[in-house]
Number of protein chains: 2
Amino acid sequence: MVTTAGPRRPSTLAPVTGAVESRQERKRRTRQSLLDAALRLLADSSLAGLSLREVTREAGIVPTAFYRHFASMDELGVALAEESMRTLRTMLRDARQKPADDAIKGSVATLVAQVRKHEPHFRFLVRERYGGAAEVRRAIAAELRLLGSELATDLGRFPGMATWSSDDLRMAADLMVGAMLSIVMALLDVGDHPDDLAQVIGVAERQLRMIALGMAHWHPR
Amino acid sequence: MVTTAGPRRPSTLAPVTGAVESRQERKRRTRQSLLDAALRLLADSSLAGLSLREVTREAGIVPTAFYRHFASMDELGVALAEESMRTLRTMLRDARQKPADDAIKGSVATLVAQVRKHEPHFRFLVRERYGGAAEVRRAIAAELRLLGSELATDLGRFPGMATWSSDDLRMAADLMVGAMLSIVMALLDVGDHPDDLAQVIGVAERQLRMIALGMAHWHPR
DNA sequence: CTTTTCAGTGTACGCACGTTCACTCAACAT
DNA sequence: ATGTTGAGTGAACGTGCGTACACTGAAAAG
């Protein structure tokens with residue numbers, strides 16, 4: 001018994017400060033607690049295997065209140081996809097601004113750090129990218145395409161690649177995004193043993209280096 | 001009303017020939033019809049969103065008979081994973097024995113043909129590789145690792161790569177497998193418009209070519 | 001000070017699910 | 001011939017689900 005039959009104040013956990021909350025602020029917080037609850041539960045199963053009731057139970061509200069925030073679980077899935085992609089994009093933006101001593105080693109290191117830090121988000125993205133409902137997949141695919149565009153633009157600024165066609169830039173960017181996602185998957189699968197992690201990192205670095213080598217010798221058309 | 005209250009002969013569709021069937025042959029056929037039914041239904045949803053009753057309904061048997069073949073849906077999922085990987089491995093084996101005029105163009109062409117031919121199998125693999133239950137994921141991952149090993153061995157036979165470390169061979173093979181799977185995903189997502197398909201094929205060929213270029217200039221350690 | 005709004009509550013429903021159990025009856029072993 | 005085996009049947013169960021509905025009471029609007 002955690003909540004002692006908490007009477008009329010809505011049962012969502014009280015705000016950190018004891019101060020009163022505006023109505024929309026409270027709503028936003030409850031919505032977020034639904035997203036957080038879902039993300040927590042998604043460590044164990046996929047969105048398809050998650051019930052509305054489970055999520056509301058975990059979030060600490062009654063099932064019917066769910067509809068005040070989302071029309072369906074799929075809609076919650078789309079919201080989660082957007083939240084997760086925001087995480088991913090922020091990460092890439094930060095990585096881009098960093099000085100690049102060894103760009104590849106650095107990129108992999110940031111990737112590893114971010115995956116560890118936002119593991120549930122990445123797990124969700126990887127799980128639902130192809131396994132999820134149509135709308136969720138579409139939301140993720142759209143964001144991923146956007147991400148490819150950004151990277152392509154970036155690549156075009158590199159000295160040797162200024163003359164590349166936008167088509168080729170796009171192709172190379174997609175190849176790198178794909179490789180990055182493969183690495184993310186491997187990172188999520190890796191066990192607790194630190195040797196495994198080092199192994200995955202080493203392979204990732206060499207794979208990216210191989211792609212970079214291919215790019216360096218590419219004859220753009 | 002399709003079956004007119006079919007009396008005592010078990011309701012699974014009669015064998016093509018009217019000949020009598022041995023008991024184990026009939027069991028094998030029913031088991032296969034369960035797998036086929038599941039694969040058919042999996043076009044619309046993931047394994048997690050599929051119920052035991054749905055599958056038996058589609059297969060034309062009663063729910064409880066399911067247990068004569070699998071202990072759970074997850075077990076059926078593992079069987080499906082094995083079946084699908086058999087398809088994939090057969091494909092790669094065939095591709096390997098073909099003469100290679102333009103190896104990359106040829107590989108992509110076979111890939112496209114096979115994906116079209118066995119679309120449900122590939123869709124299942126891609127969907128469940130990360131979205132599925134732990135056991136299913138493990139089954140797929142194990143088969144994929146095996147596939148990487150085979151490819152690594154193959155690569156080692158290429159003239160320029162004889163001196164590569166087995167580690168590097170493995171790394172390169174995994175990179176190619178990953179790229180191949182990305183291409184499969186793209187092929188499954190592609191719409192009916194033939195231009196889209198041509199676009200995907202073009203990108204795939206150039207991506208593989210870029211990786212090959214990287215391999216050609218690799219300095220093995 | 002009233003009235004309105006609306007996030008969250010509680011009950012109640014019908015439904016599909018997984019699983020149990022006792023059964024039938026053709027194929028197989030003896 | 002006779003007995004055993006086991007794939008498929010059919011009825012029944014408990015459970016958790018999504019959703020409808022009428023509600024409450026604090027915040028917002030008047």
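Both backbone and side-chain heavy atoms feed into the values below; hydrogens, waters and symmetry mates do not. Residue numbers start from 1 in every chain, and the chains themselves are labelled A, B, ... in the order their sequence lines are given, proteins ahead of strands.
- Set against dA7(D), dA12(D), dC17(D), the side chain of Lys27(B) has dA7(D) as its closest nucleotide.
- Going from atom CG of Leu41(B) over to atom P of dC17(C) covers 11 Å, rounded to whole Å.
- As rounded to whole Å, 15 Å separates atom C1' of dG10(D) from atom OH of Tyr67(B).
- Look at CZ on Phe66(A): it is 12 Å from C1' on dT19(D), rounded to the nearest Å.
- One atom, NE2 of His69(B), and another, C1' of dA7(D), lie 7 Å apart when rounded to the nearest Å.
- When the nearest nucleotides of DNA chain D are assigned to Glu54(A) and Gln24(A) by heavy-atom distance, the more 5′-ward of the two goes with Glu54(A).
- Within the structure, a side-chain polar atom (N or O) of Arg57(B) is placed less than 4.0 Å from OP1 or OP2 of dC17(C).
- Distance CD (Glu58(B)) to P (dA16(C)): 17 Å, rounded to an integer number of Å.
- One finds no salt bridge joining Glu54(A) and Arg57(A) here, because no Lys/Arg side-chain nitrogen approaches an Asp/Glu carboxylate oxygen to under 4.0 Å.
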- Message: Before you tell me yes or no, could you show the steps for His121(A) and Thr87(A) under side-chain hydrogen bond (donor to acceptor under 3.5 Å, both in side chains), namely the whole-Å CA-CA distance, both residues' side-chain angles and the distance that decides it to 0.1 Å?
- Response: CA-CA 8 Å; His121(A) 275 153; Thr87(A) 298; 3.1 Å; yes
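- Between Arg23(B) and Arg53(A), the residue anchored nearer the 5' end of DNA chain C, judged by the nucleotide with its closest heavy atom, is Arg53(A).
- Residue Thr64(A) places its side chain closer to dG10(C) than to any other of dG8(D), dG10(C), dG18(D).
- Counting heavy atoms from C-beta on, the side chains of Leu147(B) and Met180(B) never come closer than 4.5 Å.
- Atom-to-atom, CZ of Arg31(B) to P of dG8(D) comes out at 12 Å; the value is rounded to the nearest Å.
- Within 4.0 Å (heavy atoms only), Ser22(B) reaches sugar-phosphate atoms of the nucleic acid but no base atom.
- At least one side-chain nitrogen or oxygen of Ser51(A) sits closer than 4.0 Å to the OP1 or OP2 atom of dC17(D).
- Glu143(A) is listed as a side-chain neighbour of Arg89(A), based on a closest heavy-atom distance under 4.5 Å.
- Note: CD (Glu25(A)) to P (dG8(C)) measures 12 Å, nearest angstrom.
- You won't find any donor-acceptor pair under 3.5 Å spanning the side chain of Arg68(B) and the base of dG6(D), going by distance alone.
- Here Thr30(B) reaches the OP1 or OP2 of dG8(D): one of its side-chain N or O atoms lies under 4.0 Å away.
- Look at CG on Leu50(A): it is 16 Å from P on dG16(D), rounded to the nearest Å.
- Between Leu144(B) and Arg129(B) the shortest side-chain heavy-atom distance falls below 4.5 Å.
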